[in-house]
**Student:** 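One structure, as structure tokens, below. Some questions next.
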Amino acid sequence: MKVINPATEEVIREIPEDSKKSVEEKYQLLRSGQLQWAKVPVQKRVQCIATFYDLLDTHKDELAKTLTAEMGKPLQQSYNELNGARNRMKFFIDNSAKWLAEEWVVTEGATKEKIAYEPLGIIANISAWNYPYLVGVNVFIPALIGGNAVFYKPSEYATLTGLAIQKLLYESGVPENVFQSVVGKGNVGEYLLELPLDGYFFTGSYRTGKYIAEKIASKLVPCQLELGGKDPLYVMDDVADIDQVAAAALEGVIYNNGQSCCAVERIYVQEKVYDQFVKSYVGQAKKIVIGDPMLAGTEIGPLSRKEQQEFLMDQIKDAKEKGATVLSGGNTLDKKGYYIEPTVLVNVNHQMKVMKEESFGPITGIQKVKDDNEALQLIQDTEYGLTAAVYSKSFERAETLMKQINTGTVYWNCCDRVSGALPWSGRKHSGLGATLSYQGIRAFVQPKSYHIRDAG
Ligand code: NAD
């Protein structure tokens with residue numbers, strides 16, 4: 001498999017892909033190790049992860065460069081991702097023992113009752129490329145702490161990072177028969193679906209997620225899906241500082257080149273502040289520095305995948321044909337690398353792909369709305385349900401809306417953020433189940449109920 005640098009289109013490395021046979025051998029290895037790992041005390045498993053936490057920091061320079069080279073995010077954002085991943089790990093390091101401990105629920109009377117939490121077994125972690133550390137950490141860290149073995153399939157667009165993660169986990173004391181990665185594209189991921197694994201945790205597109213859920217349904221094992229989004233941001237007419245809101249919205253759209261599951265993908269602005277917002281947003285968008293992701297000061301690098309350029313240009317073309325106006329950007333760059341300008345579209349509506357289909361790029365449509373009711377209708381007009389942001393001076397007014405929005409996460413005066421302490425979950429086509437928080441610790445274990453009666 002060729003690993004290509006999206007900024008230069010050069011091949012960085014060629015790596016042999018796994019075969020069906022090698023995947024089966026790795027499976028046998030994991031089967032041989034999982035039960036032993038489950039017997040290791042939880043504090044010791046947490047200790048391995050704490051070492052991994054330190055190693056990510058020790059090696060941050062080479063890890064950040066590798067990530068930027070293979071998926072194109074600005075170098076500073078690779079450092080930010082490593083930091084963010086360590087923050088999430090800290091939550092698991094500090095809280096797992098508490099949530100995995102046995103719970104005594106009945107301690108009086110003839111029959112005592114308790115719940116013990118046991119690992120699922122070997123779980124598949126089929127992962128995406130956009131934040132390989134963050135989305136990986138959501139799964140393999142609590143899975144390992146919970147006593148599971150992990151079959152890790154990094155995305156074919158983040159393979160070098162996946163292999164670096166594996167190497168550092170081994171250095172941290174995670175045994176080779178407890179963590180194995182497979183290299184390759186979807187066809188290699190498919191081999192994992194054929195094996196009798198004990199849980200499937202997938203991060204990626206709705207299309208692949210739905211396919212995987214259907215394919216493994218008859219196994220009757222846990223299946224969690226973290227999928228895409230078409231996340232809205234709504235600006236009410238009482239916001240105090242339009243420039244600040246426009247800056248936050250723009251950051252939500254363009255951070256990681258828009259390649260975030262919870263990136264802001266569509267903006268609604270109440271008519272009273274619409275003109276002022278658009279002027280400020282466009283003014284700031286025009287100043288975005290696009291170029292070599294290795295250079296300090298670059299805000300947008302290339303898209304990770306070549307096909308994505310064509311996909312976004314098609315959304316822009318479709319919007320223009322249906323009456324949208326491009327106020328900024330709208331083109332690819334005439335040089336090597338998969339670049340596209342940050343693009344702002346107005347006069348948009350929900351007949352246009354750009355307002356309905358996940359873009360996963362630095363482009364957005366801004367639509368004027370009359371009032372909160374119209375905004376709510378448009379916010380809900382989507383197949384997705386990951387996040388939604390409301391900007392307003394009044395929490396009460398924002399909360400009235402947030403309570404009605406059908407997403408796993410809502411934001412008041414912020415956007416595009418994830419916390420280790422809160423459940424991360426999508427509704428509708430955005431996914432199934434939750435990672436992170438105590439729920440994301442419990443997602444990797446199964447309860448066993450004990451009824452204990454002393455015969456003596
Ligand atoms: P993708 O669906 O193309 O691929 C995801 C993974 O699935 C890759 O490792 C791929 O090799 C593997 N795969 C593909 N076909 C397979 C098959 N038949 N069997 C088994 N494995 C298979 O997604 P992507 O392009 O890597 O990621 C982008 C998508 O992920 C976006 O939609 C984004 O919103 C979503 N995402 C969601 C979250 C979240 O937390 N909700 C986080 C990150 C990304």
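Order of listing sets the numbers, starting from 1, for every ligand and every atom in it. Below, each value reflects all heavy atoms present in this structure, side chains not excepted, and no hydrogens, waters or symmetry copies.
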**Student:** Where do Tyr131 and Gln77 land on the side chain to side chain donor-acceptor pair (under 3.5 Å) test, with the steps shown first?
**Tutor:** CA-CA 10 Å; Tyr131 286 104; Gln77 294 187 18; 5.6 Å; no
**Student:** Please determine if Arg442 forms a cation-pi arrangement with Tyr117, meaning its NZ or CZ atom is less than 6.0 Å from the six-membered ring centre and no more than 45° off the ring axis.
**Tutor:** yes
**Student:** Considering all protein heavy atoms, does one lie under 4.0 Å from atom 1 (P) of ligand 1?
**Tutor:** yes
**Student:** Under the 6.0 Å and 45° cation-pi test, does Arg417 pair with Tyr411?
**Tutor:** no
**Student:** At less than 4.0 angstrom from any non-hydrogen atom of Thr203, what atoms of ligand 1 do you find?
**Tutor:** 5 (C), 37 (C), 38 (C), 42 (C), 43 (C), 44 (C)
**Student:** Give the ring-plane orientation class for Tyr206 versus His429, where under 30° counts as parallel, over 60° as perpendicular and anything between as tilted.
**Tutor:**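 Tyr206 vs His429 ring planes: parallel.
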**Student:** What atoms of ligand 1 come within less than 4.0 Å of a heavy atom belonging to Trp129?
**Tutor:** 24 (P), 25 (O), 26 (O), 27 (O)
**Student:** State whether Tyr339 and Lys335 meet the cation-pi test: NZ (Lys) or CZ (Arg) under 6.0 Å from the six-membered ring centroid, and within 45° of the perpendicular axis.
**Tutor:** yes
**Student:** Considering only non-hydrogen protein atoms, determine which one is nearest to atom 41 (N) of ligand 1 and report residue, atom name and distance to 0.1 Å.
**Tutor:**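 Of every protein heavy atom, Leu227 O, 2.8 Å lies nearest to atom 41 (N) of ligand 1.
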**Student:** Of all the atoms in ligand 1, which lie at a distance below 4.0 Å from a heavy atom belonging to Arg305?
**Tutor:** 25 (O)
**Student:** Return yes or no for this condition: an N or O of Gly204 is under 3.5 Å from an N or O of ligand 1.
**Tutor:** yes
**Student:** Applying a heavy-atom cut-off of 4.0 Å, say which part of Glu358 lies close to ligand 1: side chain, backbone, both or neither.
**Tutor:** side chain
**Student:** Tell me the protein heavy atom at minimum distance from atom 17 (C) of ligand 1, and give that distance in Å.
**Tutor:**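 The closest heavy atom on the protein side is Gly186 O, 3.5 Å.
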**Student:** Would you mind running through ligand 1 and noting each atom that sits below 4.0 Å from a heavy atom of Lys185?
**Tutor:**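 The atoms of ligand 1 under 4.0 Å from a heavy atom of Lys185 are 11 (O).
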**Student:** So for atom NZ, which belongs to Lys65, do other residues, nucleotides or ligands contribute more than 12 heavy atoms lying within a distance under 6.0 Å?
**Tutor:** no
**Student:** Looking only at protein heavy atoms, which one is nearest to atom 23 (O) of ligand 1, and how far off is it?
**Tutor:** Ser205 N, 3.3 Å
**Student:** Any N or O of Trp424 that comes nearer than 3.5 Å to an N or O of ligand 1?
**Tutor:** yes
**Student:** Provide, to 0.1 Å, the distance between atom 6 (C) of ligand 1 and the closest protein heavy atom, together with that atom's residue and name.
**Tutor:** Ser127 O, 3.3 Å
**Student:** Just which atoms of ligand 1 are under 4.0 Å from any heavy atom in Leu193?
**Tutor:** 19 (N)
**Student:** Counting only N and O atoms by type, is there a donor-acceptor contact under 3.5 Å from the side chain of Lys73 to the main-chain atoms of Tyr255?
**Tutor:** no
**Student:** Which option out of Asn130, Leu386, Leu192 puts a heavy atom nearest to atom 44 (C) of ligand 1?
**Tutor:** Asn130
**Student:** More than 12 heavy atoms of other residues, nucleotides or ligands under 6.0 Å from CD of Glu310: yes or no?
**Tutor:**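 At most 12 heavy atoms, drawn from other residues, nucleotides or ligands, come within 6.0 Å of this atom.
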**Student:** Would you say ligand 1 has an N or O under 3.5 Å from any N or O of Gly184?
**Tutor:**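 No; the residue has no nitrogen or oxygen that sits under 3.5 Å from a nitrogen or oxygen of the ligand.
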**Student:** For atom 7 (O) of ligand 1, grab the closest protein heavy atom and report residue, atom and distance to one decimal in Å.
**Tutor:**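 Ranked first by proximity to atom 7 (O) of ligand 1 is Phe202 CE1, 3.3 Å.
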**Student:** With a 3.5 Å cut-off and no angle check, do the side chains of Tyr152 and Ser127 form a donor-acceptor pair?
**Tutor:** no
**Student:** Heavy atom of Lys215 under 4.0 Å from ligand 1?
**Tutor:**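 So Lys215 does not count as touching ligand 1.
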**Student:** How close does the nearest protein non-hydrogen atom get to atom 12 (C) of ligand 1, and which residue and atom is it?
**Tutor:**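 The closest heavy atom on the protein side is Ile126 CG2, 3.7 Å.
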**Student:** Looking at Glu383, I want to see if its CD is surrounded by more than 12 non-hydrogen atoms of other residues, nucleotides or ligands under 6.0 Å.
**Tutor:**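 No, because the 6.0 Å sphere around CD of Glu383 holds 12 heavy atoms or fewer from other groups.
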**Student:** State plainly whether the residues Asp57 and Lys60 are in salt-bridge range, i.e. N to O under 4.0 Å.
**Tutor:**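 The answer is yes: the pair qualifies as a salt bridge.
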**Student:** Specify the protein heavy atom at minimum distance from atom 20 (C) of ligand 1: its residue, its atom name, and the distance to 0.1 Å.
**Tutor:** Gly189 C, 3.3 Å
**Student:** Compute the shortest N/O to N/O distance between Lys153 and ligand 1 and return yes if it is under 3.5 Å, no if not.
**Tutor:**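 Yes, at least one N or O pair falls under 3.5 Å.
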**Student:** Have a look at Thr208, Thr435, Asn138, Val182 and point out the one with the heavy atom closest to atom 3 (O) of ligand 1.
**Tutor:**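 Minimum heavy-atom distance to atom 3 (O) of ligand 1 goes to Thr208.
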**Student:** Does only the side chain of Tyr131 get under 4.0 Å from ligand 1, or the backbone, or both, or neither? Count heavy atoms.
**Tutor:**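 Tyr131 to ligand 1: no contact under 4.0 Å from either part.
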**Student:** Could you find the nearest protein heavy atom to atom 10 (C) of ligand 1 and give me its residue, atom name and distance?
**Tutor:**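 That would be Glu156 OE1, 3.5 Å.
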**Student:** Which atoms of ligand 1 have any heavy atom of Tyr211 under 4.0 Å away?
**Tutor:**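 Listed by number with element: 18 (N).
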